[in-house]
Visitor: 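Below you will find the structure I want to go over with you.
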There are 4 protein chains.
Amino acid sequence: MEKRIGFIGLGNLGIPMAKNLITDGYHLQVYNRTTSKAKELEQGSITVCSTPAEAARNVDFVITILSEDEVVKDAVLGDNGFLKTMRPGALHISMSTILPDTSEELLAIHNDAGSRYLAAPVFGRPEAAAARKLWICTSGAADVKEAAKPVLESLGQGIIDFGETTGGANVVKLTGNFMIMAALETMAEGYTIAEKSGLDRKQVADFFSSTLFACPIFQNYGKFISAKQYEPVAFKAKLGYKDARLALKVAQQTETPAPLVSLVHNRLLTSVAKGNGDNSDWIAAFGKGVSDEAGV
Amino acid sequence: MEKRIGFIGLGNLGIPMAKNLITDGYHLQVYNRTTSKAKELEQGSITVCSTPAEAARNVDFVITILSEDEVVKDAVLGDNGFLKTMRPGALHISMSTILPDTSEELLAIHNDAGSRYLAAPVFGRPEAAAARKLWICTSGAADVKEAAKPVLESLGQGIIDFGETTGGANVVKLTGNFMIMAALETMAEGYTIAEKSGLDRKQVADFFSSTLFACPIFQNYGKFISAKQYEPVAFKAKLGYKDARLALKVAQQTETPAPLVSLVHNRLLTSVAKGNGDNSDWIAAFGKGVSDEAGV
Amino acid sequence: MEKRIGFIGLGNLGIPMAKNLITDGYHLQVYNRTTSKAKELEQGSITVCSTPAEAARNVDFVITILSEDEVVKDAVLGDNGFLKTMRPGALHISMSTILPDTSEELLAIHNDAGSRYLAAPVFGRPEAAAARKLWICTSGAADVKEAAKPVLESLGQGIIDFGETTGGANVVKLTGNFMIMAALETMAEGYTIAEKSGLDRKQVADFFSSTLFACPIFQNYGKFISAKQYEPVAFKAKLGYKDARLALKVAQQTETPAPLVSLVHNRLLTSVAKGNGDNSDWIAAFGKGVSDEAGV
Amino acid sequence: MEKRIGFIGLGNLGIPMAKNLITDGYHLQVYNRTTSKAKELEQGSITVCSTPAEAARNVDFVITILSEDEVVKDAVLGDNGFLKTMRPGALHISMSTILPDTSEELLAIHNDAGSRYLAAPVFGRPEAAAARKLWICTSGAADVKEAAKPVLESLGQGIIDFGETTGGANVVKLTGNFMIMAALETMAEGYTIAEKSGLDRKQVADFFSSTLFACPIFQNYGKFISAKQYEPVAFKAKLGYKDARLALKVAQQTETPAPLVSLVHNRLLTSVAKGNGDNSDWIAAFGKGVSDEAGV
């Protein structure tokens with residue numbers, strides 16, 4: 001197998017993922033809207049491309065890890081989109097957090113064009129991506145899952161299959177991000193009640209994250225929430241808001257009344273509306289959001 | 001040391017806790033409103049008492065593990081309450097889930113009467129109590145914490161100290177129960193969205209509870225939520241509602257706006273209002289509550 | 001002026017509106033998806049058309065009063081849409097409850113095609129439409145508002161202008177429907193608390209709707225809510241849900257965190273998810289929704 | 001009939017009410033915690049008393065119009081309370097916004113002491129009180145309602161009877177205050193969405209308050225909300241919060257899940273927690289609360 005991949009999206013996650021692929025011997029044809037980002041990979045085996053179309057030329061795999069549905073669609077279908085430059089049978093591994101409907105739409109488009117599509121969204125912050133500790137969710141036809149496997153194994157600690165429905169993995173990803181937001185709201189409220197009762201916020205967080213809630217989300221995010229430390233910005237509030245909006249959309253589409261989805265959606269929307277979408281982490285939307293309302 | 005303890009409250013948690021103390025060589029003077037409950041301990045070294053007052057006679061420790069603030073206060077202060085029969089310096093170990101204010105009130109009363117008081121609420125379902133796996137939170141004066149230690153060590157896997165404020169441990173307990181309710185709501189909404197998207201509810205739950213949310217609450221409760229199994233009733237919805245009400249009260253007292261506390265409070269109140277307070281588990285209030293609204 | 005109008009949409013509102021136009025001497029070229037609905041107008045001066053395109057032929061005005069954005073767009077742009085059959089300069093009076101964005105989109109399309117567009121959504125239940133008591137909100141260019149005036153005067157008791165922004169009137173309409181939903185939730189909760197306190201639900205409603213809340217919404221809807229009378233179905237829950245969804249969308253687009261919009265959205269979604277979208281009135285979604293949760 | 005009344009509570013409502021009674025020929029024995037407040041009545045026929053007990057001596061009626069349950073109870077039962085100085089058969093007209101339970105409790109106490117009790121809470125801002133435009137809600141035994149009538153007629157534009165249950169009128173009052181809060185939230189969200197859509201906030205408010213919502217609450221409060229004018233402070237946010245807390249308590253006691261009660265409760269709690277309980281009007285808690293979150 002030729003170890004050459006089109007790689008589109010050099011954001012906080014894309015960069016470490018690209019590095020791991022390079023380390024594993026892949027040559028990457030990278031494309032990013034802001035070209036300067038490619039400099040972070042410069043020592044590696046890459047070709048910097050000026051369009052998605054170029055990045056997809058003569059490869060068997062194109063990975064997209066982008067910020068939102070419209071950006072992914074544009075990378076595929078836009079004037080400089082890669083649909084028309086893909087090899088017959090080449091596989092688009094779609095790792096962004098997008099709607100299941102977008103996956104279904106892209107699958108149909110690829111099928112018509114003679115290329116293939118796999119939804120493979122990931123869980124993990126940039127450090128996890130760097131450490132190949134991402135969890136990768138997949139869903140779709142068996143052959144595309146099989147084909148993508150070697151590539152995905154360079155990126156994460158586990159590939160979890162959620163069946164044949166194309167967009168299933170996207171639902172799992174959005175559900176998971178909702179669950180993380182819910183955990184952030186939970187900790188923010190709980191630890192603030194404790195703090196205002198005279199307890200040590202950190203000690204309370206330590207107790208819960210080493211007993212009943214001894215798991216990565218409550219441990220890793222709990223550290224930030226309990227210490228009220230919201231810098232540096234690892235995942236922008238506006239991206240969190242986008243995910244909340246997509247989760248709410250899936251709740252609407254599946255006709256699932258979900259008041260907690262609404263609550264976390266509004267918490268993030270507040271952060272964005274106040275002008276903090278770009279300059280604060282989604283953790284702050286919850287941690288600082290609750291603290292502010294509580295006057296502490 | 002004389003190994004004799006007044007033990008008041010033989011509910012789902014009280015029974016296994018009492019058994020462990022008996023196993024460790026304590027003789028218990030037990031009292032329970034429904035006397036028949038004592039039969040479950042009959043093979044052990046116990047004296048069945050007909051009032052709290054009797055149960056507290058000639059012992060150094062009185063444990064209360066009761067359903068709510070008023071019941072605890074009545075056991076101490078009622079016509080048959082144990083305040084007047086306690087030995088000077090005897091220690092009331094108060095393990096129920098009650099308001100911090102109730103603890104402060106009881107501390108003052110005990111101090112006036114020459115007896116002592118310790119808030120020591122516990123986390124754990126009946127199985128955990130049986131397996132001595134409870135987490136015991138304490139707060140208060142150093143000497144009472146020291147005094148209670150040997151008794152508490154028979155009951156749990158860890159004693160966590162939350163400082164000198166009498167009611168601090170009660171706040172931690174209510175915070176924790178709120179966090180469990182929030183996790184139940186989170187899973188109920190998330191897994192229902194997944195289910196209605198065509199995914200396997202159980203598979204989604206397994207993924208999250210073995211990765212991002214690999215911790216007791218998401219694992220143990222997640223099993224019930226994902227399987228929609230709400231029997232047998234281990235913790236009645238009405239007791240869950242009582243805890244939600246107390247958590248909301250602490251949020252009010254500390255002036256902490258907490259919309260998620262309100263949300264879980266209303267979820268449990270709905271279960272109680274519909275007449276399910278006694279005959280269903282608090283897990284069902286969330287799991288079945290969300291499913292019902294979603295029409296599945 | 002030739003008194004001939006293309007009239008598309010013979011729903012609960014469309015029928016009485018059409019009747020009033022006929023009474024005022026207009027000849028209507030009517031189109032409705034379900035053709036049989038036109039029978040209700042048969043004694044009048046109408047031509048029954050089999051497509052929107054036909055309905056718009058040789059008239060100066062085309063009125064659409066349809067259920068949702070996609071249906072309106074399809075009437076204009078679909079294979080049998082009326083865009084291509086409209087006279088140059090003819091005016092599309094768009095009276096449905098749709099997104100402001102849809103209005104902006106339709107305006108651009110009409111402008112390109114040489115026709116004109118006016119957003120003119122209405123407030124009022126079918127009885128109000130029959131009695132020419134609708135409130136009609138308009139926004140857009142002065143000339144189109146002027147042109148539509150004589151037609152609109154046959155339909156309502158007042159035309160309120162909200163400025164030059166094309167979609168402004170649509171925002172007002174969605175805001176108003178949100179406010180009605182909020183009033184329904186308010187009454188449902190308030191009157192149920194009163195009822196469960198032993199008061200006469202109707203007497204409480206009468207007091208408020210003849211004093212502090214002496215206005216059409218609290219009076220007319222209050223009668224249904226207080227009497228728990230949810231038949232006949234005048235406005236389907238699913239249409240209410242659609243409006244709540246659009247209101248939420250405008251809240252998102254304008255970046256306005258709106259927890260009460262979320263609350264009423266979820267109340268209506270619950271009704272739809274439970275399978276009552278078609279067979280119950282939106283009033284029931286609130287009135288019965290609150291009663292059910294309260295166990296009465 | 002001797003026209004002499006004990007009048008306790010010279011707050012924003014108490015002052016104009018007292019003035020009207022004086023105008024109607026009553027001599028008032030006034031008591032207020034802050035004595036200086038009585039100066040506003042100095043030109044009238046009053047005796048300034050230094051305790052509630054004094055104020056109630058030798059009169060047939062004692063009116064209380066105070067800030068909260070504990071203050072009312074203290075005026076009746078405290079060391080200087082008026083229970084012991086009331087004439088046999090004298091009537092305590094209790095006009096504060098308090099819990100129905102407090103009314104039931106006070107009724108029992110008065111009955112035991114040989115005095116009488118009537119719950120008669122009022123609706124109206126200070127201007128309404130000055131203009132004798134208050135709405136007075138009563139409930140209880142027929143004879144006490146009859147006895148209080150002449151006095152109440154000096155104070156309001158209507159006396160509405162809600163039956164025999166002592167605390168019934170208190171429930172109506174709390175329900176009404178909840179409904180006002182809900183209207184404030186409704187307008188704040190609706191008008192902010194309109195504003196951020198480019199519409200004129202005031203014009204939108206004018207439309208609704210002259211058509212669908214043409215009633216005192218939407219007109220009077222709508223003026224403040226739409227103009228974002230929150231000065232002067234007529235009703236402190238902390239008093240609004242107290243009422244929200246009581247409404248929530250009644251919802252709990254009657255087992256009525258009421259998410260909108262929770263929402264307005266949290267809105268007011270936020271205002272209090274941020275330190276604005278005393279220095280801002282409850283209208284601001286909603287109007288400014290929503291605007292702040294929306295970044296405008």
Side-chain angles (χ1 to χ4, degrees), chain A residues 100 123 135 137 139 158 160 162-163 165 167-168 171-172 174-176 178-180 182-183 185-187 189-200 203-204 207-209 211-218 247 250-251 253-261 263 266-267 290 293-296, chain B residues 100 123 135 137 139 158 160 162-163 165 167-168 171-172 174-176 178-180 182-183 185-187 189-200 203-204 207-209 211-218 247 250-251 253-261 263 266-267 290 293-296:
Chain A
F123 284 102
W135 295 105
C137 301
S139 59
I160 303 92
F162 288 94
T165 314
V171 172
V172 174
L174 289 171
T175 298
F178 152 62
M179 290 174 69
I180 295 171
E185 177 74 22
T186 300
M187 289 187 280
E189 293 190 16
Y191 300 164
T192 303
I193 288 171
E195 173 189 358
K196 293 192 80 175
S197 296
L199 292 160
D200 177 353
Q203 198 198 353
V204 173
F207 167 57
F208 286 118
S209 67
T211 56
L212 289 71
F213 293 92
C215 57
I217 297 301
F218 282 80
V250 177
Q253 289 171 339
T254 59
E255 295 185 354
T256 310
L260 184 43
V261 173
L263 198 167
N266 290 339
R267 188 71 80 185
V290 170
E293 287 186 11
V296 287
Chain B
F123 283 101
W135 295 104
C137 300
S139 59
I160 302 93
F162 288 95
T165 314
V171 172
V172 175
L174 290 171
T175 299
F178 152 63
M179 290 173 69
I180 296 170
E185 178 74 24
T186 300
M187 289 186 281
E189 292 189 17
Y191 301 164
T192 304
I193 287 171
E195 174 190 357
K196 293 191 81 175
S197 296
L199 291 159
D200 177 352
Q203 197 198 355
V204 173
F207 167 57
F208 286 118
S209 67
T211 55
L212 289 71
F213 293 93
C215 57
I217 296 302
F218 282 79
V250 177
Q253 289 172 337
T254 58
E255 295 184 354
T256 310
L260 184 44
V261 173
L263 199 168
N266 289 340
R267 188 69 82 187
V290 170
E293 287 184 13
V296 287

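Only this structure's heavy atoms are used, side chains among them; waters, hydrogens and symmetry mates stay out. Every chain is numbered from 1, with letters handed out A, B, ... down the list of sequences. Predicted model only: the values in this text are computed from it and were never measured.
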Visitor: With the side chain counted from C-beta on, respond yes when B:F213 and A:F213 share a heavy-atom pair under 4.5 Å apart, and no when they do not.
Guide: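 The answer is no; the side chains never approach within 4.5 Å.
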Visitor: Among A:V204, A:I160, A:T165, A:T211, which residue has the highest count of heavy-atom pairs closer than 4.5 Å to chain B?
Guide: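 Of the options given, most contacts go to A:T211.
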Visitor: Who among B:G176, B:C137, B:G163 has the most heavy-atom pairs with chain A under 4.5 Å?
Guide: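 Most pairs with chain A among the choices: B:G176.
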Visitor: Specify which of B:T192, B:T256, B:V171 makes the most heavy-atom pairs with chain A at under 4.5 Å.
Guide: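 Top count of heavy-atom pairs under 4.5 Å with chain A: B:T256.
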Visitor: With a 4.5 angstrom heavy-atom cut-off, could you sort out which part of A:F123 is near chain B: side chain, backbone, both or neither?
Guide: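 A:F123 touches chain B through side-chain heavy atoms alone.
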Visitor: Between A:I193 and chain B, with a heavy-atom cut-off of 4.5 Å, which part of the residue counts as in contact: side chain, backbone, both or neither?
Guide: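 Its backbone and side chain both get close to chain B.
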Visitor: Please state whether the side chain, the backbone, both or neither of A:F178 comes within less than 4.5 Å of a heavy atom of chain B.
Guide: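 The side chain, not the backbone.
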Visitor: For B:C215 and A:C215, work out which heavy atoms get closest and say how close.
Guide: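 So the minimum-distance heavy-atom pair works out to SG-SG, 3.0 Å.
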Visitor: What heavy-atom pair brings A:P216 and B:A214 nearest, and what distance separates the two atoms?
Guide: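 Looking at all heavy atoms of both residues, the closest pair is CD-N, 4.4 Å.
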Visitor: In chain order, what residues pass the side chain to side chain contact (heavy atoms under 4.5 Å, CB included) check against B:L263, with sequence neighbours excluded?
Guide: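 For B:L263 the side chain to side chain contact (heavy atoms under 4.5 Å, CB included) partners, ignoring immediate neighbours, are A:P259, A:L260, A:L263, B:E185, B:L260.
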Visitor: Top residue by heavy-atom pair count (under 4.5 Å) with chain A, among B:V261, B:T254, B:L212?
Guide: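 Most heavy-atom pairs under 4.5 Å with chain A: B:L212.
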Visitor: Please flag which part of B:F207 lies under 4.5 Å from any non-hydrogen atom of chain A: side chain, backbone, both or neither.
Guide: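 Interface part for B:F207: side chain.
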Visitor: Between chain B and each of A:V290, A:V296, A:T175, count heavy-atom pairs under 4.5 Å; write down the option with the most.
Guide: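 With the most close heavy-atom pairs to chain B, the winner is A:T175.
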Visitor: Quick one: of B:A251, B:A258, B:A194, who has the most non-hydrogen atom pairs under 4.5 Å with chain A?
Guide: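 Result: the option with the highest number of such pairs is B:A258.
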Visitor: Looking only at heavy atoms, which two atoms of B:V250 and A:S197 are closest? And how far apart?
Guide: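 It is CG1-OG, 3.8 Å.
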Visitor: Search all heavy atoms of A:P257 against all heavy atoms of B:E293 and return the closest pair with its distance.
Guide: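 That would be CG-O, 3.4 Å.
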Visitor: Is it the side chain or the backbone of A:I180 that comes within 4.5 Å of chain B heavy atoms, both, or neither?
Guide: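 Contact with chain B: backbone and side chain both.
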Visitor: What part of B:I217 lies closer than 4.5 angstrom to a heavy atom of chain A: side chain, backbone, both or neither?
Guide: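 For B:I217, heavy atoms of backbone and side chain both lie under 4.5 Å from chain A.
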Visitor: Applying salt bridge (Lys or Arg N to Asp or Glu O under 4.0 Å), can you list everything that pairs with A:E255, at least two apart in sequence or on another chain?
Guide: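 Not a single residue meets the salt bridge (Lys or Arg N to Asp or Glu O under 4.0 Å) criterion with A:E255.
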Visitor: Please report the shortest heavy-atom distance between B:Y191 and A:M179, naming the atom on each side.
Guide: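 Closest approach of B:Y191 to A:M179: OH-CE, 3.7 Å.
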Visitor: Return the option, out of A:S209, A:G158, A:G190, A:A182, with the maximum number of heavy-atom pairs under 4.5 Å with chain B.
Guide: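 Most heavy-atom pairs under 4.5 Å with chain B: A:G190.
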Visitor: Can you see which heavy atom on B:V172 is nearest to which on A:F208, and at what distance?
Guide: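 Closest approach of B:V172 to A:F208, heavy atoms only: O-CZ, 3.4 Å.
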